[in-house]
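The structure appears below as structure tokens.
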Amino acid sequence: MFGGIQRRVVSLWFPRLASDRVLRVYPSDGPFALTLKRNNANRLYCLNIDAAQQSLHPGMAYSDARAFCPSLQTVPADLQRDQQFLKTLRRWATRYCPWVGMEGRDGLVLDISGSGHLFGGEDGMLADMRARLMRAGLSVQIGLAGTRGAAWALAHHGEGQAPPGDMLPALRDLPVAALRLDEKTSTALIRLGLRKVGDLAAAPRAPLTRRFGPDVLLRLDQALGQQPEDISPLFDPPHYGVRMTLPDPIGLLSDVMAGIERLLTQLCAKLKTQEMGARVLTITLRRVDQDHQEIELRLARALHDPQRILPLFKRGVAEMEAGFGIDQLRLEATQVEALPAQQITHISAAQKGPLEDLITRIGTRVRLENIQRFLTADSHIPERSFIIAPAAYSEPASGWACSNPRPLCLFPPELIAATGPHPPKRFRWRRMSLTTGRATGPERIAPEWWLEDDNWRSGLRDYWRVETTQGRRLWLFYTPQNPGWFVQGEFV
Amino acid sequence: MYETNPRFFPPTTTRTHEVCGAGAFVFAFALAARLGGYVMWIRESWEPRQINPNGFADFINPANLTLCNTKDQTETLAVAEEALRSGAVSLVVMTLNKPLGLTEGRRLQLAARDGESTGLAIIPEGMGSNAAETRWRCAPVFDSKSSSQDSTLQKWELIKNKSGTLGVWHVRWDPASRRLIVVSPPGE
């Protein structure tokens, strides 16, 4: 049914994307370049037109460039932000057609089949793109053709449009590098005398494949439309943010909370349909005087229940300064987690909800990481027989079993004066004179040789449970390899 | 004769109590076991003394205990008040190092009453606050008669009581039945 529609692809190439991005924010006259540190040397990465006219080129050593052009201004390149900027441009380009993909580090590819007439034909659309990008301060080269490969070739080598139908006439006079071949292959082709795409198309195919592998002819066929090539559009990540702008400023706590409740209901409905739960929520309150304040709420578990989240905001909102009034509220779930619907059973009847809300509320005062719980660990070393983990990011563990009695509390080993492998009759500990009434032991615990632990440098330990006639029941140990007595814990 | 469900224990719920002495942790865990439910244990983060889940597993399930590390005593009291008022936990244990004023003590009492949960402050000897409902001094006692494994004899003194009489009891913890047993004092 759609067989009659000719596919039309636009390739946008931003030859100076990185430097244009920086110059948009900090305009400067004269030669300008971005530098990138590669192999321990600063090299030019991206230049503006003035710098290119001074016979500088990308990849040149920075010190050489300064020698050629003393007035050169430079800024370190930021590849990550360039990538973000290109993603922003990709989003902008969806105004022309829904099918927009990224092309390498500095290009976009648009499938405009069937949407050209909306902008007054293809010429009108290209002129519109060029005008808008020019106004934004971006230099661009545009290629339009029936295939992605041909559009790329035209964008990178002399801009142009290929009419619908056969691509070969438009590409015939372009160099072979326009086929997206790597430099080594294109140099080898030029050495063979195949300088133009037309030469390559006319050459016999079998020897070429034998000499260069299938890649060269694949690229040629893709450019000429004999092999299909797809454009994969990127999906925008789901956005969990809602906002509310008010005609008149508000300042009462109850009003702000009512506003937050409305936003929260909207946001939670969206989270619930996508089976997600918010872990971190941020509210931005914009005031009439253009100042804004943020409240961050970190939840002890992922939630999408507005009735449970709302009271947790109370403390943060109460601390805010309303000034002359608040006229915009913005609520965003900055961190979300999958929260699938769960079967309610009689086993999960234990109400953990209030405890989790309490952890969240306390977590706004002390940090959420400071609220912890014990988890089991598989070790005979007393200090490592359990793990302390943040309660918000762990599940309670079961299976606490220890065959030998363990003390109720532990502390770092405290040296006492005693000798010999048997517990001393009398000893002093924490300025108390103690007499041994009964000693049970020893229980020998060997250090875990596979783990480096400074506390266990003294080797084996023989643990004794010593009941003193004064009452206290202590956990003593003796280190036979490195004689000494220590107290490490206290029993019930 | 053993008395397994003593009348003095647990002390009034929905109030905040104080305990001091070497056996304070035992009192705290015995109270947690008696009350059941979740426990919030608040301590200052610098404290070297660490409760050992393998040790107190004889009293309560360590999964029911939530630890909270705080910066100073002010934060401890704030967290304790919040936890008591929420009613999500049945017992809030806090370790205090400085004397408590009447205002702070009274706020803890009100929070415990509102949230219907019990608070317990572990205090150094002789540093109690006037607002506490009861104050206990707990010390382990050497028990020459019983075997070494179940020598858990303690002497619990009730040294302050706002609504009752004082007293001294000798008790023992039975890990099998998770119950407190009142025994006669050991002979000389």
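Chain letters run A, B, ... following the sequence lines, proteins first and then strands; every chain starts at 1.
- B/N52 and A/R406 make their closest contact through ND2-CB, 3.8 Å (heavy atoms, listed as atom of the first residue, atom of the second, distance).
- Using a 4.5 Å cut-off on side-chain heavy atoms (C-beta onward), B/T66 and A/Q372 make no contact.
- Here the straight-line distance linking atom CG of A/L408 with atom CG of B/N54 works out to 11.0 Å at 0.5 Å rounding.
- Taking all atoms of both residues into account, the shortest heavy-atom contact from A/F374 to B/I51 is CZ-O, 3.7 Å.
- Of the possible donor and acceptor atoms, one in the side chain of A/R438 sits under 3.5 Å from a partner among the backbone N and O of B/D143.
- A/R473 and B/T152 get closest at one heavy-atom pair: NH2-C, 3.5 Å.
- Of the atoms belonging to A/T469, heavy atoms from both backbone and side chain fall under 4.5 Å from chain B.
- Closest approach of B/A63 to A/A397, counting heavy atoms only: CB-O, 3.5 Å.
- Of the inter-residue distances, the one linking A/D357 atom CG with B/S86 atom OG reads 9.0 Å to the nearest 0.5 angstrom.
- For chain B, the nearby part of A/E490 is the side chain; its heavy atoms alone come within less than 4.5 Å.
- At a 4.5 Å heavy-atom cutoff, the contact between B/V26 and chain A is made by backbone and side-chain atoms alike.
- Between the CD atom in B/E47 and the CZ atom in A/F411 there is a gap of 12.5 Å [rounded to 0.5 Å].
- Heavy-atom neighbours of chain B within the stretch residues 303-314 of chain A, taken at a separation under 4.5 angstrom, are nonexistent.
- Residues B/C68 and A/I362 form a side-chain contact, since some pair of their non-hydrogen atoms from C-beta on lies under 4.5 Å apart.
- Looking at B/A139, there are no atoms closer than 4.5 Å to chain A (heavy atoms on both sides), in backbone or side chain.
- In this structure, the portion of B/N61 lying under 4.5 Å from any heavy atom of chain A is its side chain and not its backbone.
- In terms of heavy atoms, B/M40 sits closest to A/L358 at CE-CD2, 3.8 Å.
- The side-chain heavy atoms of B/L67 and A/I388, taken from C-beta on, include a pair separated by under 4.5 Å.
- Closest approach of A/V492 and B/Q154 over heavy atoms only: C-NE2, 3.3 Å.
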